2 protein chains.
Amino acid sequence: MKSREKLFKLLEKIKQQLETVSDLPEVATAQLETDLQSIYNQLNSVKADPAVDPTIRIWSDGACSGNPGPGGWGTIIFEDGRYQEFSGFQSKTTNNIMEMTGALEGIRRTPEGSQLIITTDSQYLVKGMTEWLRGWKRKNWKKADGKPVLNKSIWMALDAAAGLRDIQWQWVKGHNGHLQNERCDELARDAIEEAIKS
Amino acid sequence: MKSREKLFKLLEKIKQQLETVSDLPEVATAQLETDLQSIYNQLNSVKADPAVDPTIRIWSDGACSGNPGPGGWGTIIFEDGRYQEFSGFQSKTTNNIMEMTGALEGIRRTPEGSQLIITTDSQYLVKGMTEWLRGWKRKNWKKADGKPVLNKSIWMALDAAAGLRDIQWQWVKGHNGHLQNERCDELARDAIEEAIKS
RNA sequence: GGACACCCCUUUCC
DNA sequence: GGAAAGGGGTGTCC
């Protein structure tokens, strides 16, 4: 399978890099460790029996040329040894809407009751889902400053979809060498091209 | 004159933008209309005979790093075709004091008996001068809750200066693309830099 | 409770 | 340099 070959190639690349570089700063070491672990988990899950570890991993990212402007999202779903990429665009949107849409589109392609790990570089999305959403619902969708929460309809769709699944949200720093995050960024940017053409 | 060239340039820029953009959302259209009207009024008043329309326009804004903290104010006076900018700072003050000071410094640079339009984004200032001041003086500078009015000395200075002129107070939303308001904001911020240095 | 402004911080998108 | 979004806070009034 093509996508799996890609992963093996990347693994090899990283190994070579580790061998050639003599002194890594601690931050970079930790970073590499995370990446390697991530890749290991993926390769491992290829062989894993889905009945034993049914966790589905989702990565997503959004981009927006101009903000607001034409925007795109990219999503990777890694489930049961199957690696899939999705993307889409909107002709006029914002960075945050694309960020949310990427995750939502990922979740939607997943069965109800699934156990998910969703990784994104958007703190707006992660904190929104894990910290702020509860308060917003309690305070009738008002922010701390009393003004209405923006993008309410997408937050509600996300909340509804998330309510039917067991989701663990994970934030990673953007443009920091995270393999899948960078790939999603690429997917999102490619989608923008389509948005501009159409 | 340099400031007039600036205005012409801005007019040209906006014209170009209007020509290139095909479909504007309504909000943006309204915004542009306001800006264009503002610029038109300015250019027009350059040619206007001050004996016929002696109105002096003042814009002012205040800023304050930390609130309380080092603060600055910025004021634009547009009088008889002459465009002038002023600014100043205080090492420790509040946002509202700077907001008031900006207007006061503008008024002071204007002859007694002048007819002024003062534009600010501070509702504290506009409502203070047009609604609340009368009541405070009647009730011996006590607020609705019975406590003393704050910043009394500046309110009194403002009242004295305003009493000698014919002033129309106008409120505009802050950070909303209002040309002169944004410029005053810039002047105020630049002034804070000086406050911090000194 | 409401309004306006001023700040501090975080992340992403340009 | 700016926008899209969120949290925390103060300055002031009704």
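Both backbone and side-chain heavy atoms feed into the values below; hydrogens, waters and symmetry mates do not. Keep in mind that this is a model prediction, so the values were computed, not measured.
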Between A/Glu193 and A/Arg189, does any side-chain N to carboxylate O distance fall below 4.0 Å?
no
Counting heavy atoms from C-beta on, name the nucleotide in D/dT12, D/dG6, C/C13 closest to the side chain of B/Tyr124.
D/dT12
Are B/Trp73 and B/Leu179 in one and the same hydrophobic cluster, where Ile, Leu, Val, Met, Phe, Trp and Tyr link if side-chain heavy atoms are under 4.5 Å apart?
no
Any side-chain heavy atom of A/Ile117 within less than 4.5 Å of one from A/Ile58?
no
Taking only the side-chain nitrogens and oxygens of B/His175, find out if one of them lies under 4.0 Å from OP1 or OP2 of C/C6.
yes
Tell me if the centroids of the rings in B/Tyr124 and B/Trp171 come within less than 6.0 Å of each other.
no
To the nearest Å, give me how far apart CE (A/Met100) and C1' (D/dA5) are.
10 Å
Would you say D/dC13 has OP1 or OP2 under 4.0 Å from some side-chain N or O of B/Asn96?
no
Any side-chain N or O of B/Lys127 below 4.0 angstrom from OP1/OP2 of D/dC13?
no
So what does A/Asp61 hit on the nucleic acid, given a heavy-atom distance under 4.0 Å: a base, only sugar-phosphate, or nothing?
sugar-phosphate
Looking only at side chains, do B/Thr55 and B/Gln115 share a donor and an acceptor under 3.5 Å apart?
yes
Using whole Å, report how far CD of A/Glu99 lies from P of C/U11.
14 Å
Give the rounded distance in Å between these two atoms: CH2 of A/Trp132 and P of D/dG7.
6 Å
Starting from P on D/dC13, measure out to CH2 on B/Trp136 and report it in whole angstrom.
6 Å
In whole angstroms, how far is the P atom of C/A3 from the CD atom of B/Glu131?
15 Å
Look at all strands and tell whether B/Leu125 reaches a base, only sugar-phosphate, or nothing, counting heavy atoms closer than 4.0 Å.
nothing
Categorize A/Asn151 for me: base, sugar-phosphate, or nothing, with a 4.0 angstrom heavy-atom threshold over every strand shown.
sugar-phosphate
Between C/C6 (C1') and B/Lys92 (NZ): distance, integer Å
15 Å
Between D/dC13, D/dA3, C/A5, spot the one nearest the side chain of B/Asp121, thanks.
C/A5
note: B/Lys143, atom NZ; D/dG11, atom C1'; distance rounded to Å ~ 11 Å
Between the base of C/C7 and the side chain of B/Asn67, is there a donor and acceptor pair under 3.5 angstrom?
no
Rounded to the nearest angstrom, tell me the gap between atom CD in A/Gln123 and atom C1' in C/U11.
5 Å
Any base atoms under 4.0 Å from B/Gly62, or only sugar-phosphate, or nothing? Heavy atoms, all strands.
sugar-phosphate
Using a 4.0 Å heavy-atom cut-off, does B/Val126 contact any base of the nucleic acid, only the sugar-phosphate backbone, or nothing at all?
nothing
Exercise: do B/Arg165 and B/Thr110 side chains pair donor with acceptor under 3.5 Å:
no
Just compare D/dG8, D/dC13, C/U11 and give me whichever is closest to any side-chain atom of B/Leu150.
D/dC13
Looking at the side chain of A/Trp171, which of C/C4, C/U11, D/dA5 is the nearest nucleotide?
C/U11
Check whether any side-chain N or O of B/Arg189 sits under 4.0 Å from OP1 or OP2 of D/dG1, and answer yes or no.
no
Quick one: is B/Thr120 getting a side-chain N or O under 4.0 Å of the C/A5 phosphate, OP1 or OP2?
no
Can you find a side chain N or O atom of A/Ser65 that sits less than 4.0 Å from OP1 or OP2 on C/C13?
no
5'-most by nearest nucleotide on RNA chain C - A/Asp185 or A/Asp145
A/Asp145
